[in-house]
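Here is how names work: the chains are called A, B, and so on, in the same order as the sequence lines, proteins then strands, and each is numbered from 1.
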Amino acid sequence: MTEKQNIAKTTYSDVISLARRRGFLYPSFDLYGGVAGFYDWGPVGSLLKNNFLAMWREAYVEGEGFFEIDCPNVTPEVVFKASGHLDEFTDYMTSCNKCSQHFRADHLVAELHPNPDSLGKEELAGLISEKGVKCPECKGDLTELYAFNLMFKTNIGPTSERPGYLRPETAQGIFLNFRNLYIHNRQKLPMGVVQIGKGFRNEISPRQGVIRVREFQMAELELFVDPENPNYVNYPLLKHISLSLLPDTTEKEILSRTVEEAVEEGIIDSKILAYFVALTQEILLKAGLDPNRMRFRQHEAHEMAHYAKDCWDAEALTDFGWVEIVGIADRSCYDLEQHMKHSGVDLRAMRQLAEPKMVKVRKIEADMKKMGPVFRGRAGKIRDKILALDDDAVAAVESGQPLIVSVDNERISISTDMFTISQTNENRSIERFMPHVIEPSHGVDRILYCVLEHSLKRTVDESGEETRVLHLPPVMAPYLFAVFPLMSRDGLTDNARELYNLIKNELRGRGSLGFYDESGSIGRRYSRMDEIGTPYCLTVDYQTLEDGSFTIRERDSKEQARINKKQVRTALRDLVDHGISLKDWSKKNGVKLISRDN
RNA sequence: GCGGGUGUGGUGUAGCCUGGUAUCACUUAAGCUUGCCAAGCUUAAAACUCGGGUUCAAAUCCCGGCACCCGCACCA
């Protein structure tokens, strides 16, 4: 029908209008005018999303053997106090009384202080009034400072005494469970733990549709590693993969390197980090991203999150430009260290030493039998002080100086018969250390948008007729196959329904849905399926009535082959699971390919 | 949050300046038809972003809210 077809650019609005029309995406709360930054995944979109998550889970949980856990969205304040989100996520803002523009207070005093980011509210306000800082736009007076935190705040329980926040990332739930998980893993590293869940960030101005939303689907891995062992067991499997890398160097050019080369040239810091960059690429490509519109960009030092030491973002080129879809951060030991400090619980891991080493162990004992009667109620506090003596204090005591501790603002002299300090040499074969964390964090909504944009091909023929085909990989396709009767008469519909049920049952349980349709012309039905990315359409025709065979039509090539019922199972396996094209499959099975006339 | 632009059935639009309850196409549904790539016919369903004001009368003019797009700012 179409002789000349031109591929047309796929824009954001092409994707959004198709997504809405075909049930991928709807703006949330639309009935009441909508709220910026929230989107609903519709029936077709949910299938797409579930397929992605299943694939992601397959890669990490089945492939790498990592644990999956599931933690609450509502999280008490203390967690974010420890993680740094409460402070780091809060910006002190001020606005101009005259032109009502808003500014970050720390930006306004950038030249007046070496590290304005570290200042608290009072200090910032003091600096502003002291130096007479005015609105940089119109020189107007500035309002009082107010705090803006990007986390959604709520209350836990009936009173507001216990503040909670919706988590801005799923990672904290994993860190909080580190001890449980480490024991569950029989105290071995590396240990990977994933979580699929929602994250919440009260963005000031959400933009670009589903790219920046206030509630979003995350899929995160926290890989706990021994920093002295940069190897990863599966590294050889992916070391030959080629990557497009944009490192944070002064040249700022995209380098094409294999994983191995990137590590050897020092472009990527470690084999572990490099492995997960490669695995991320594998997953994204499997999901249907265009390899030519994908790269990994290393963060510049100033854009790194407060917890990160190094970070590579997977970015996809879209109608909006380059968009971050996965962040692969080296969080070093930041989070566990913070939680250890704030909770007082030892979150270190243990490492078996190659050779046992002798260490000097100092033991301080307090004689409570003697101290108790003398100090009474303060005896406990004094004991704690004595047990916590540092090296200098111990040395002082050993050199004969009297031991004096201060408790409740009182200096108390302790006689030497009340405690003993001894030193022994012990043979140690393990040592404790803070595990480091490598974190690939996937923004699922963004990934799905990019998959849609990269998959959607628009072609316009001479008459201006536009056709749209969503070239999704079969693993992502909301519907894996569709069954049509060629005509809705002469018993073809019964045959088609029977075929549909047969295949549906065959594929049941693997999350692949089928679709049955008998309305409209056959071409229209093919086209509907093309728009939602259904890779195969099976059509029952008049020959079916004679010999039970039917045609299978491939979305991407629009080619057809005639197969019989017995072949369905193996055919779908070859086509879907092994990625064989219909052309090759026909050749292999001696089936004639029915090419379209034009 | 500021500034600019936009907002009409599911989608894309005409009408707005110059007020008189809405155009066209696609889509969808039912029926007829149709022997493989959005065919045709008949019928049907379906919209003025929301609120207020002006007016006899508002999609249209005015004000405000909301949403979307762009720029600024923000983006851990």
Side-chain angles (χ1 to χ4, degrees), chain A residues 1-2 11-14 16-23 26-38 42 80 83-91 93 95-96 99-104 107 117 136-137 148-151 168-169 171 199 201-209 211-214 299 302-308 311 319-320 323-324 327 329 331 441 461 465-469 484-490 492 519-531 537-545 550-555 558-560 562 594-598:
Chain A
M1 191 176 109
T2 49
T11 64
Y12 171 71
S13 68
D14 293 326
I16 289 301
S17 81
L18 180 131
R20 175 149 196 174
R21 215 156 29 82
R22 290 296 180 196
Y26 307 120
S28 299
F29 319 115
D30 204 22
L31 202 60
Y32 290 102
V35 179
F38 295 94
F80 296 122
S83 72
H85 287 86
L86 206 56
D87 297 327
E88 297 295 328
F89 260 44
T90 301
D91 292 327
M93 308 283 292
S95 25
C96 172
C99 67
S100 64
Q101 289 224 48
H102 298 253
F103 305 97
R104 271 179 62 171
H107 286 185
D117 207 25
E137 292 298 317
F148 182 79
N149 190 285
L150 270 81
M151 290 192 291
E169 57 172 15
R201 293 177 194 182
N202 199 2
E203 298 280 355
I204 298 172
S205 62
R207 283 285 172 85
Q208 304 174 323
I211 298 293
R212 248 177 91 201
V213 284
R214 291 183 163 130
H299 273 206
H302 67 83
E303 63 177 323
M304 217 98 74
H306 64 272
Y307 49 70
C311 188
D319 194 26
F320 296 116
V323 167
E324 172 198 347
R331 293 179 79 131
S441 171
D461 68 14
E465 179 82 10
E466 182 183 321
T467 52
R468 288 168 294 268
V469 181
F484 309 140
L486 181 61
M487 296 293 142
S488 52
R489 63 172 194 220
D490 304 326
L492 292 181
S519 102
S521 72
I522 189 75
R524 176 184 300 263
R525 283 176 268 162
Y526 285 146
S527 181
R528 275 183 203 135
M529 288 298 111
D530 285 347
E531 276 199 338
C537 294
L538 312 178
T539 301
V540 162
D541 57 13
Y542 286 92
Q543 199 175 323
T544 313
L545 300 178
F550 52 88
T551 63
I552 179 165
R553 177 252 194 200
E554 188 176 60
R555 177 196 65 204
K558 292 189 163 50
E559 286 170 334
Q560 293 184 45
R562 177 164 288 281
I594 311 163
S595 286
R596 294 179 60 198
D597 294 331
N598 36 58

query = Touch check for A/R20, heavy atoms < 4.0 angstrom, all strands: base, sugar-phosphate only, or nothing?
reply = sugar-phosphate
ask   = Under 4.0 Å between a side-chain N or O of A/R528 and OP1 or OP2 of B/U27?
value = no
inquiry  = Both A/F320 and A/E554 contact RNA chain B. Which one's nearest nucleotide lies toward the 5' end?
reply    = A/E554
ask   = Can you check the A/I16 CD1 to B/C69 P distance for me, whole Å?
value = 8 Å
task = Among B/C69, B/U34, B/A39, find the nucleotide with the atom closest to the side chain of A/M487.
result = B/U34
task = Assign each of A/P206 and A/R22 to its nearest nucleotide of RNA chain B by heavy atoms, then name whichever residue's nucleotide is nearer the 5' end.
result = A/R22
task = Please determine, for the side chain of A/S17, which listed nucleotide (B/G12, B/A38, B/G35) has the closest atom?
result = B/G12
Derivation and outcome, side chain to side chain contact (heavy atoms under 4.5 Å, CB included), residues A/I522 and A/F484 = CA-CA 8 Å; A/I522 189 75; A/F484 309 140; 3.8 Å; yes
ask   = Considering only the C1' atoms, how many Å lie between B/A22 and B/U8, rounded to the nearest integer?
value = 8 Å
inquiry  = Work out how far the C1' atom of B/A44 is from that of B/G4, and round it to whole angstrom.
reply    = 43 Å
ask   = So, the side chain of A/R201 versus the backbone of A/R214: is there a donor-acceptor pair under 3.5 Å, distance only?
value = no
query = Does the pair A/K558 and A/R553 meet the rule for a side chain to side chain contact (heavy atoms under 4.5 Å, CB included), with working shown?
reply = CA-CA 6 Å; A/K558 292 189 163 50; A/R553 177 252 194 200; 3.8 Å; yes
task = Fit a plane to each ring of A/H85 and A/F80, take the angle between them on a 0 to 90° scale, and name the class: parallel (under 30°), tilted (30 to 60°) or perpendicular (over 60°).
result = perpendicular
task = Output yes when at least one side-chain N/O atom of A/S527 is less than 4.0 Å from OP1 or OP2 of B/C37, else no.
result = no
query = Could one point to a donor on the side chain of A/S488 or the base of B/U34 with an acceptor on the other under 3.5 Å away?
reply = yes
ask   = Can a salt bridge be assigned to the pair A/D541 and A/R562 using a cut-off of 4.0 Å between side-chain N and carboxylate O?
value = yes
Euclidean distance for C1', B/G3 against B/A73 (whole angstrom) = 11 Å
inquiry  = Taking the C1' atom in each of B/G19 and B/U60, what is the distance between them to the nearest angstrom?
reply    = 6 Å
key: Nucleotide nearest A/R468 (side chain, heavy atoms from C-beta), chosen from B/C37, B/U34, B/A38   = B/A38
inquiry  = With the stacking rule set at 5.5 Å and 30°, tell me whether A/Y542 counts as stacking on B/G35.
reply    = yes
Side-chain donor/acceptor contact of A/T551 with base of B/C36 under 3.5 Å = yes
ask   = When all nucleic acid strands are considered with a 4.0 Å heavy-atom cut-off, which category describes A/Q208: base, sugar-phosphate, or nothing?
value = sugar-phosphate
task = Measure from the side-chain heavy atoms of A/S521 and tell me the nearest of B/C74, B/A67, B/A38.
result = B/A38
request  = Write down the distance between CG (A/D319) and C1' (B/C70), rounded to a whole number of angstrom.
outcome  = 12 Å
ask   = Taking the P atom of each, how far is B/G64 from B/G1, in whole Å?
value = 15 Å
task = Identify whether any heavy atom of A/G42 sits under 4.0 Å from a base atom; if not, whether one sits that close to sugar-phosphate; answer base, sugar-phosphate or nothing.
result = nothing
remark   = Here the pair of heavy atoms bringing A/S519 nearest to A/R525 is O-CG, 3.3 Å
query = Is the shortest heavy-atom distance from the side chain of A/Q208 to the side chain of A/Y12 under 4.5 Å?
reply = no
query = Quick one: is B/C69 close enough that its OP1 or OP2 comes under 4.0 Å of any side-chain N or O from A/R207?
reply = no
request  = Taking atom C1' in both B/C66 and B/U18, compute the distance separating them and give it to the nearest angstrom.
outcome  = 30 Å
request  = Kindly indicate whether the side chain of A/P27, heavy atoms from C-beta on, has any atom under 4.5 Å from the side chain of A/R20.
outcome  = yes
task = Name all stems that contain residues of RNA chain B, defined as runs of 3 or more consecutive Watson-Crick or G-U wobble pairs, both distances under 3.5 Å.
result = B:1-7 with B:66-72, B:10-12 with B:24-26, B:28-32 with B:40-44, B:49-53 with B:61-65
inquiry  = Let's go through A/T467 and A/D530 carefully: what are the C-alpha distance in whole Å and the side-chain angles of both, what is the deciding distance for side chain to side chain contact (heavy atoms under 4.5 Å, CB included) to 0.1 Å, and is it a yes or a no?
reply    = CA-CA 9 Å; A/T467 52; A/D530 285 347; over 6 Å; no
query = How long is the line joining CZ of A/R21 and C1' of B/A38, in whole Å?
reply = 11 Å
message = So if I apply the side-chain contact (heavy atoms from CB on, under 4.5 Å) rule between A/T551 and each of A/T539, A/T544, A/L538, which one comes out positive?
response = A/T539
query = Which part of the nucleic acid, if any, lies within reach of A/G84 when heavy atoms closer than 4.0 Å are counted: base, sugar-phosphate only, or nothing?
reply = nothing
message = Restricting to side-chain hydrogen bond (donor to acceptor under 3.5 Å, both in side chains), what partner residues turn up for A/R468, sequence neighbours left out?
response = A/E466, A/E531
message = So A/P27, base contact, sugar-phosphate only, or nothing? Heavy-atom distance under 4.0 Å.
response = nothing
ask   = How long is the line joining CZ of A/R524 and P of B/C26, in whole Å?
value = 9 Å
task = Provide, to the nearest angstrom, the distance between the NE2 atom belonging to A/H85 and the C1' atom belonging to B/C75.
result = 14 Å
task = Report yes or no: is there a donor-acceptor pair, N or O only, under 3.5 Å between the side chain of A/Y526 and the base of B/C36?
result = yes
request  = Take atom P in B/A30 and the same atom in B/A45, then report the distance between them in whole Å.
outcome  = 15 Å
query = Can a side chain N or O of A/T467 be found less than 4.0 Å away from OP1 or OP2 on B/C37?
reply = no
request  = State whether the distance check finds a donor on one side and an acceptor on the other, under 3.5 Å, for side chain A/E203 versus base B/C75.
outcome  = no
ask   = Please give, in whole Å, the distance from B/U11 P to A/E466 CD?
value = 16 Å
ask   = Below 3.5 Å, does any donor atom in the side chain of A/R553 face an acceptor in the base of B/C36, or the other way round?
value = no
task = Side chain of A/Y12 only, please: which of B/C68, B/U11, B/C36 is the nearest?
result = B/C68
ask   = Just how far, in rounded Å, is P of B/C66 from CG of A/L31?
value = 18 Å
key: C1' gap between B/A25 and B/C68, integer Å   = 24 Å
ask   = A/R525 has an atom CZ; how far is it from atom C1' of B/C37, in whole Å?
value = 11 Å
